[in-house]
Chemist: 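Submitted below is the structure of interest, expressed as C-alpha cells.
For ligands, and for the atoms within them, numbers begin at 1 and follow the listed sequence.
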Amino acid sequence: MKKKAVLSVTMAFGLTAVLAACGDAENNNGGADNGANNAEENVSDNNEAEAANSEYSSGDASYVIEAGIGLNNQHPQYEGLLRFKEIVEEATDGDVYVETYHSSQLGDDREMMEALQLGSQEVTIPSTAPVTNFVEEYAILDFPFLFANEEVAMEVLNGEIGDELLDSLEDQEMVGLAWWENGYRDLTNSTQPVETAEDFQGLTIRTMENEVHLEAFSELGANPTPMAFGELFTGMQQGTVDGQENPLATIYLEGFYEVQDYYSDTNHVYSPFVFLMSKQFYDSLPDDYQEIVGDAAQEAGEFQIEQNRAQNEELLEALIDEGMEHSEVTDEAREEMAEIVQPVNDQFAEQLDQDFVERFFQAVEEAEEMHQ
Ligand code: TK8
C-alpha cells in the first residue's frame with residue numbers, strides 16, 4: 001500500500017528527486033518506520049543515495065555543508081534541498097559539497113538551530129514557529145489567520161520587514177538566507193470531525209514549540225501539548241495526542257492518515273520555512289561563495305514553493321482515498337475561530353517592539369492591497 005502511494009504521487013507530480021532518493025524511501029515514507037527510530041540506518045542509506053546522485057565528493061571539497069531537515073525525503077522541502085545542493089556544487093565545481101539529511105536524522109528543528117549556533121551543523125530549514133525561541137519577533141508570523149493568502153505572505157516576507165526578520169538572526173549566530181514555504185496548516189485528529197470552533201473542546205493537540213500556538217489552541221478549548229516533530233508520529237500512534245496540525249503535504253507524505261481519521265481544512269496558520277546557515281560557517285566562506293549559497297537558497301526556494309503548493313493543493317484526494325474523513329470548514333466557522341483567538345494575537349503583539357509591530361501590519365496591509 002505504502003509503495004503504491006509513493007508511486008502514484010511520483011507519477012502525478014513528476015518528482016524526479018523522489019526517484020533519485022528512492023533507495024531509502026521505504027524507511028521514511030511515514031508509517032511506523034518514520035522518524036528518528038531508524039536514524040542510523042537512514043543516515044547510511046541516505047548517504048549512499050546521495051553519493052549516487054552527485055558527481056562530486058566531500059573528500060575533494062574545501063567546504064562541506066551538512067544540511068538537515070525534520071521532514072522526510074518524500075516532501076518537496078527535501079527536493080528543494082537537493083536542488084540547493086545541485087546549484088551550489090555546480091557553481092563551485094564541487095569545492096562546496098552539500099550532504100543532505102531528512103527525517104530529523106540530525107535532530108529536531110530546535111536542536112539543529114542550536115547546532116548552527118555552535119557551528120557543528122551548517123544548514124537547516126525549520127518552520128518559523130520554533131525560531132521564536134531565538135528571536136521573539138518571529139512570534140508575529142504565527143498569528144492565526146494573519147495572511148489572507150500565500151501571495152500576501154510572500155510579499156511581506158520578501159519585502160523590507162521580511163529582510164529585517166532575516167537579519168535579526170545574526171545576533172543568534174545564524175544567517176537567514178531565504179524564505180521557503182510550508183504552507184497553511186490544517187487540523188487532523190483521531191477522535192471526532194472538527195468543523196467549528198466548539199469541536200476543539202477537549203482535544204489533545206500536538207503543537208510546535210511556540211507560545212502563540214499553545215495559547216491559541218488553549219483559547220479554543222483544546223489541550224495543546226508542545227512536541228518535537230520527530231516524535232509526533234509515535235505520539236499519535238500511542239495516543240499521547242489525539243491530533244496535530246500541519247499542511248496537507250506533510251499530513252499525506254508523512255503517512256499521518258495511518259493514525260488519524262479526521263481531516264479539517266482549518267487553514268488556521270500560514271507557516272513559512274526559513275533557510276538558515278550557521279553564521280560561523282557563512283563568515284568562513286569567501287565572498288563569491290557567500291553569494292553563491294545565498295542565490296542558491298533563493299533559487300531552490302522558488303522551486304520548493306512551486307512544488308509545495310502543487311502538492312498542498314492536490315493531495316486532498318489522496319488523503320481521502322487513504323480513508324480520512326474530510327470535514328469542510330466554512331468561512332463563517334473560520335471567522336468564529338479567528339475571533340476567539342484574536343486576544344492571543346493582541347496579547348503577543350503588545351509584548352513585541354511596537355515600532356516593529358506597526359511596520360509589520362503596515363506591510364501586511366500594503367500586500368493585501370496588491371493581492372486581494
Ligand atoms: C519539520 C517541522 C514541521 C513543522 C512541525 O521539521 O513541526 O509541525 O510543520 O514541518 O518544521
Side-chain angles (χ1 to χ4, degrees), residues 28 30 34-36 39 42 66-81 100-116 121 123-134 138 141-142 144 150 153 174 176 178-189 204-214 216-217 222 224-236 240-256 259-260 263 266-276 301 304-305 307-309 311-312 315:
N28 298 295
N34 180 30
N42 285 348
E66 273 194 323
I69 59 170
L71 289 160
N72 67 23
N73 63 351
Q74 307 297 304
H75 195 281
Q77 194 189 29
Y78 191 69
E79 281 183 77
L81 186 53
T100 60
Y101 298 91
H102 51 83
S103 309
S104 307
Q105 288 166 329
L106 298 183
D108 62 46
D109 284 346
R110 194 170 170 154
E111 288 163 346
M112 289 193 280
M113 281 184 268
E114 282 164 3
L116 258 54
Q121 181 182 331
V123 162
T124 189
I125 318 169
S127 295
T128 53
V131 181
T132 308
N133 300 303
F134 300 83
Y138 273 70
L141 297 176
D142 274 274
E150 291 149 340
M174 293 183 271
W179 300 104
W180 288 22
E181 187 172 82
N182 196 351
Y184 281 96
R185 305 180 77 89
D186 291 328
L187 182 82
T188 66
N189 82 96
T204 303
I205 298 173
R206 173 270 177 175
T207 67
M208 294 183 284
E209 296 168 270
N210 175 291
E211 295 291 330
V212 180
H213 282 244
L214 278 171
F217 284 108
T225 308
M227 193 184 275
F229 184 77
E231 285 154 32
L232 176 55
F233 191 91
T234 310
M236 293 188 290
T240 318
V241 293
D242 301 321
Q244 64 84 43
E245 41 84 57
N246 253 298
L248 259 173
T250 297
I251 296 169
Y252 183 77
L253 299 169
E254 296 278 336
F256 286 177
V259 288
Q260 299 277 276
Y263 162 78
T266 48
N267 281 214
H268 53 276
V269 171
Y270 172 87
S271 242
F273 283 135
V274 59
F275 191 106
L276 303 177
Q304 183 272 333
I305 289 168
Q307 300 294 313
N308 209 59
R309 286 185 187 172
Q311 300 227 359
N312 275 336
L315 287 176

Chemist: Nearest 0.5 angstrom please: Ser103 OG to Phe229 CZ, how far?
Modeler: 9.0 Å

Chemist: Should Thr266 and Tyr184 count as side-chain neighbours, where that means a heavy-atom distance under 4.5 Å?
Modeler: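 Answer no - side chains too far apart.
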
Chemist: Pairwise, report which nitrogen or oxygen atoms of ligand 1 are under 3.5 angstrom from protein nitrogen or oxygen atoms, and how far apart they are.
Modeler:
| from | atom 1 | to | atom 2 | distance (Å) |
| --- | --- | --- | --- | --- |
| ligand 1 | 6 (O) | Asp109 | OD1 | 2.8 |
| ligand 1 | 6 (O) | Asp109 | OD2 | 3.2 |
| ligand 1 | 7 (O) | Arg206 | NH1 | 3.4 |
| ligand 1 | 7 (O) | Arg206 | NH2 | 2.9 |
| ligand 1 | 8 (O) | Arg185 | NH2 | 2.9 |
| ligand 1 | 8 (O) | Arg206 | NH1 | 2.7 |
| ligand 1 | 8 (O) | Asn246 | OD1 | 3.3 |
| ligand 1 | 8 (O) | Asn246 | ND2 | 2.9 |
| ligand 1 | 9 (O) | Ser127 | OG | 3.4 |
| ligand 1 | 9 (O) | Asn182 | ND2 | 3.0 |
| ligand 1 | 9 (O) | Arg185 | NH1 | 3.0 |
| ligand 1 | 9 (O) | Arg185 | NH2 | 3.2 |
| ligand 1 | 9 (O) | Asn246 | OD1 | 2.6 |
| ligand 1 | 10 (O) | Asn182 | ND2 | 3.4 |
| ligand 1 | 11 (O) | Asp109 | OD2 | 2.7 |
| ligand 1 | 11 (O) | Ser127 | N | 3.4 |
| ligand 1 | 11 (O) | Ser127 | OG | 2.9 |

Chemist: Between CG of Leu141 and OG1 of Thr132, what distance do you get to the nearest 0.5 Å?
Modeler: 7.5 Å

Chemist: Can you tell me how far CG of Asn246 sits from CG of Leu187, rounded to the nearest 0.5 angstrom?
Modeler: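 Result: 10.5 Å between the selected atoms.
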
Chemist: Just wondering, do Gln244 and Thr188 contact through their side chains at under 4.5 Å, heavy atoms?
Modeler: yes

Chemist: Under a 3.5 Å threshold, yes or no: a donor from one side chain and an acceptor from the other, between Arg206 and Thr225?
Modeler: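 No, Thr225 and Arg206 have no side-chain donor paired with an acceptor closer than 3.5 Å.
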
